[in-house]
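I have placed the structure first, in the form of structure tokens, so that the comments after it can refer back to it.
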There are 2 protein chains.
Amino acid sequence: MLVDKDAVGRATEMGDLSPRPLRKDAEVNRERVLRSARELFARYGLQTTLDDIARHAGVGVGTVYRRFPSKEALVEALFEQRVQAILDLAKNSLEFDDPWKGFVNFLERLISMEAKDRGLRELVLSNDYGGEKVRLLKEQIEEPVNEIVDRAKRAGYLRSDFSATDIVVVTAMIGTADEYCAYVDESMWKRYLVFLLDGLRASRELTTPLPNEGLSVDEVKEAMGNWKRRVQRPNASEFLRGSPGCKQDEIFDHQNLTILDIQ
Amino acid sequence: MLVDKDAVGRATEMGDLSPRPLRKDAEVNRERVLRSARELFARYGLQTTLDDIARHAGVGVGTVYRRFPSKEALVEALFEQRVQAILDLAKNSLEFDDPWKGFVNFLERLISMEAKDRGLRELVLSNDYGGEKVRLLKEQIEEPVNEIVDRAKRAGYLRSDFSATDIVVVTAMIGTADEYCAYVDESMWKRYLVFLLDGLRASRELTTPLPNEGLSVDEVKEAMGNWKRRVQRPNASEFLRGSPGCKQDEIFDHQNLTILDIQ
DNA sequence: TAGAAGTGGAGGGAATATCTCCAGTTAAGG
DNA sequence: CCTTAACTGGAGATATTCCCTCCACTTCTA
């Protein structure tokens with residue numbers, strides 16, 4: 001007699017009534033897969049293959065596919081909470097006394113999250129990936145973001161012709177600056193966010209001090225050479241080391257937000 | 001006895017002593033290929049396959065490969081003059097009386113060229129494509145650009161912490177805004193260039209009027225849905241029509257530069 | 001009209017990605 | 001400790017995609 005394995009998987013995934021817990025070793029493997037996927041998606045984006053994820057996790061592909069019937073299921077399992085974090089961020093940013101600081105806080109933290117997680121950026125900016133749950137969460141972000149923008153405009157800090165819909169494009173733009181420079185300097189995107197923020201203020205006398213020096217000529221060439229080609233896939237040596245701590249662990253850190261402090 | 005066919009091709013390519021002119025029909029086909037490549041590279045980027053170019057040109061792949069021994073040769077043949085045009089633009093921009101206008105002129109025209117030609121953007125921002133000749137031309141651009149930036153800074157218009165190396169990144173950023181929005185509105189990148197330029201001025205009282213309205217919520221969703229997936233390759237119907245006028249023909253137009261006028 | 005020049009597009013070869021299958025291994029429960 | 005259901009690895013089926021070659025056939029040219 002056959003047990004519906006998918007049902008077990010799904011139930012575990014959804015956290016509801018579990019017909020039967022996973023066998024101990026299976027559970028260990030499942031966690032390895034999740035950890036591996038989190039790390040590789042963050043570093044190489046959502047186009048990472050399940051084969052790579054399996055190899056990096058130290059398990060066979062079959063194991064991955066039994067636990068997650070499709071790539072989308074895996075993405076959904078991983079990113080639901082991350083998108084929820086963005087939603088929370090948006091709501092928190094509404095509680096700043098200074099509406100401009102709320103606006104800057106939202107942008108800086110959002111882009112910081114995306115800078116550390118290429119997969120998250122792809123998920124947020126595109127509609128290709130992510131299933132129903134992610135889609136619903138994404139929709140909910142719209143409202144608080146509208147309010148963040150309106151508040152900052154009403155207070156006279158944010159230029160009045162800025163639109164809430166510009167947020168997505170601005171995010172994509174800084175994301176590009178990040179992808180272009182990250183190979184040389186991981187926090188260089190902040191420089192370009194300051195440029196842009198100085199353009200979004202309703203008025204200003206001076207410029208905001210920049211948190212980073214510009215790239216040198218050689219660094220630009222390096223960035224150019226690595227752009228779009230920059231490690232699209234893990235290389236062999238990537239698989240030899242065990243999974244080191246994943247960057248995403250830092251994401252909820254209250255790390256210093258340079259730009260917010262400057263403003 | 002065998003004639004070195006490559007030599008013929010190359011000689012024709014290089015415009016120097018031609019051992020023998022191409023047969024009439026061959027010459028026609030060669031031009032069809034160039035025209036087709038120009039159009040498809042502009043629309044879909046340099047990753048367009050030679051198979052697609054051949055099909056769109058209405059010739060066989062073999063014909064393409066006899067004329068252009070490799071994809072790189074074809075790219076080089078097409079883009080040498082385009083990169084030269086950028087170099088000319090940089091030099092011209094130095095002749096503006098107002099250094100700020102020179103700076104804006106350079107950025108707006110450069111990005112305008114790239115917005116109409118995805119292949120050109122890829123060629124400029126990356127080192128992957130383009131052979132020796134293109135590389136040399138690209139290097140020559142550095143000097144006048146340095147001067148454009150320095151002049152605008154010296155005159156007190158451009159913020160003093162801006163670096164000439166920021167130009168590449170800024171170009172990439174606006175390029176992303178363009179790719180994100182172009183499907184909905186081809187000139188939307190100008191909106192984001194104004195945002196950014198307002199951030200690059202040393203000081204300002206007010207904001208510059210925007211040349212475009214922001215996207216509507218539905219338009220953002222459309223853009224999201226099409227981003228990165230947005231027609232990566234020509235579809236079947238693309239090949240049925242003959243080559244319509246290529247966008248690149250407009251590139252040297254002295255079309256109205258909205259932003260320059262506004263400033 | 002001979003034969004050199006040119007042509008189309010099938011298909012070889014090399015990647016890449018997703019997902020299936022099953023002989024063999026391992027944990028859990030009696 | 002032994003049985004057996006659960007689980008495992010990874011080869012390989014299937015399906016793409018892309019670059020480029022090859023050659024029987026066609027077309028131009030002298």
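Note on naming: letters A, B, ... go to the chains in the order of the sequence lines (proteins, then strands), and numbering restarts at 1 for each one.
Of the N and O atoms on the side chains of B/D88 and B/Q84, at least one donor lies less than 3.5 Å from an acceptor on the other residue. For the residue pair A/D178 and A/Y192, no side-chain donor N or O sits within less than 3.5 Å of a side-chain acceptor on the partner.
With hydrogens and angles ignored, no donor-acceptor pair under 3.5 angstrom links the side chain of B/R23 to the base of D/dT29.
Salt bridge annotation for B/D117-B/R43: absent, with no cationic side-chain nitrogen under 4.0 angstrom from a carboxylate oxygen. Taking 4.0 Å as the cut-off between side-chain N and carboxylate O, A/E179 and A/R121 count as a salt-bridged pair. Between B/K24 and B/E27 there is no salt bridge, since no side-chain N of the basic residue sits under 4.0 Å from a carboxylate O of the acidic one.
B/L50 places its CG atom 15 Å from the C1' atom of C/dG8, with the value rounded to the nearest Å. As a whole-Å value, the separation of B/Y65 OH from C/dA5 C1' is 21 Å. The CG atom of B/D25 sits 10 Å away from the C1' atom of D/dT26 (whole-angstrom rounding). Distance A/D51 CG to D/dG12 P: 14 Å, rounded to the nearest Å. Here the C1' atom of nucleotide D/dC19 and the CZ atom of B/R55 are 15 Å apart, to the nearest Å. The distance from atom CD of A/E72 to atom C1' of C/dA17 is 16 Å, rounded to the nearest whole Å. When rounded to the nearest whole Å, the span between CD1 of B/I53 and C1' of D/dC19 equals 12 Å. As a whole-Å value, the separation of A/K71 NZ from C/dT16 P is 14 Å.
Residue B/R30 places none of its side-chain N or O atoms closer than 4.0 Å to OP1 or OP2 of C/dG6. Close to D/dT8, at under 4.0 Å from its OP1 or OP2, lies a side-chain N or O of A/R67.
Mapped onto DNA chain C by nearest heavy atom, A/L46 and A/G62 fall at different nucleotides, with A/L46 at the one closer to the 5' end. Both A/N29 and B/T63 lie close to DNA chain D; mapped to their nearest nucleotides by heavy-atom distance, the more 5′-ward contact belongs to A/N29.
Between C/dT20, C/dG6, C/dA27, one nucleotide has an atom nearer to the side chain of B/L22 than all others, and that is C/dG6. Ranking D/dG9, C/dC19, C/dG8 by closeness to the B/R66 side chain, first place goes to C/dG8.
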